[in-house]
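Step one of this worksheet: look at the structure below.
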Amino acid sequence: MIVFDLRCTRSHVFEAWFGSSAAYEDQRTRGLLSCPVCGDAEIVKAVMAPNVAPKGNSRAIAKADETPTPAAIKAAMKALATAQAKALEKSEWVGAAFPERARAMHAGDLPVAPIHGQTSLAEARSLIEEGVPVAPLPLPIIPPDAVN
């Protein structure tokens, strides 16, 4: 695995992990990368400081070429799903009404409360540009009214 600092055209810098440099290039050219802050899909590598281990401490640092096991990846995804579920415990699912509700709370027309729902990338960008505090969820959500 390799980690890169990435940057969108709005100068948001974020970290992403890839199986290789080729995997990063493949995902970038296919338009599969986007900024987690604003959703911008124009992503480039940001300047990174090298990760140099202090002398004499090399045994404690994992090798960069070690690939995580499927079990480790599954455990990490489960931990992420658990953390997201906990964060949403007191949040109300508002579905497609998310942009309108978020704007109304931001304007003071509705009491501020935790909500989550769905919106288009263009609408999410518009909310961010208006100063409405929103963030994407790391994992998809099955709406409460959906049938499994």
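Start at 1 with the first residue, then count along the sequence.
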Report task. Walk me through it: do Ile2 and Ser21 pass the test side chain to side chain contact (heavy atoms under 4.5 Å, CB included)? Result -> CA-CA 7 Å; Ile2 187 168; Ser21 291; 4.1 Å; yes

Query raised in the report: Would His12 and Asp40 count as a side chain to side chain contact (heavy atoms under 4.5 Å, CB included) if you check the C-alpha gap in whole Å, the side-chain angles of each, and the deciding distance to 0.1 Å?
Result: CA-CA 9 Å; His12 298 125; Asp40 187 4; over 6 Å; no

Requested in this report: Start with the C-alpha gap between Gln27 and Phe18, add the side-chain angles, then the distance that decides, and say whether side chain to side chain contact (heavy atoms under 4.5 Å, CB included) holds.
Outcome: CA-CA 9 Å; Gln27 289 181 35; Phe18 299 91; 3.5 Å; yes

Query raised in the report: Given Thr119 and Val134, is the side chain to side chain contact (heavy atoms under 4.5 Å, CB included) satisfied, shown in steps?
Result: CA-CA 11 Å; Thr119 190; Val134 298; over 6 Å; no

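With sequence neighbours excluded, no residue satisfies salt bridge (charged side-chain N to carboxylate O under 4.0 Å, His left out) with Arg7. Listed by chain and number, the residues in a ring pair (Phe, Tyr, Trp, His ring centres under 6.0 Å) with Trp93 are His116 (sequence neighbours excluded). For Gln84, there are no side-chain hydrogen bond (donor to acceptor under 3.5 Å, both in side chains) partners, not counting sequence neighbours. By the ring pair (Phe, Tyr, Trp, His ring centres under 6.0 Å) test, Phe98 pairs with no residue at all, sequence neighbours left out.
Here the shortest heavy-atom pairing between Met105 and Val112 reads SD-CA, 3.7 Å. For the residue pair Ala16 and Leu6, the shortest heavy atom distance occurs at CB-CD1, 3.7 Å. Listed here is the closest heavy atom pair of His106 and Pro133: ND1-CD, 3.7 Å. Annotation for Asp26 and Thr29: closest pair O-OG1, 3.0 Å, computed over non-hydrogen atoms.
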Using distance only, find each side-chain donor-acceptor pair of residues 123-130 under 3.5 Å and give its atom names and separation, not counting sequence neighbours.
from	atom 1	to	atom 2	distance (Å)
Glu123	OE2	Arg103	NH1	2.6
Glu123	OE2	Arg103	NH2	2.6
Arg125	NH2	Gly39	O	2.9
Ser126	OG	Arg103	NH2	3.2
Ser126	OG	Glu130	OE2	3.0
Glu129	OE2	Arg10	NH2	3.2
Glu130	OE1	Arg103	NE	2.8
Glu130	OE2	Arg103	NE	3.2
Glu130	OE2	Arg103	NH2	2.9

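Side-chain heavy-atom separations under 4.5 angstrom define the hydrophobic clusters, and the remaining members of the one that includes Leu139 are Ile73, Met77, Leu80.
Within a 6.0 Å radius of CD in Glu42, other residues, nucleotides and ligands contribute 12 heavy atoms or fewer.
Hydrophobic clustering (side-chain heavy atoms under 4.5 Å, transitive across Ile, Leu, Val, Met, Phe, Trp, Tyr) keeps Ile43 apart from Val37. Neither Val13 nor Trp17 shares a network with the other; the hydrophobic side chains, linked directly or stepwise wherever heavy atoms of I, L, V, M, F, W or Y lie under 4.5 Å apart, form separate groups for each.
How far SG of Cys35 is from CG of Leu33: 11.0 Å, rounded to the nearest 0.5 Å. To the nearest 0.5 Å, atoms CG (Leu137) and CG (Leu88) are separated by 5.5 Å.
Here the side chains of Lys45 and Asp5 are not in contact, with every heavy-atom distance at 4.5 Å or above. In this structure, Thr9 and Val44 have side chains that are not in contact, with every pair of non-hydrogen atoms separated by 4.5 Å or more.
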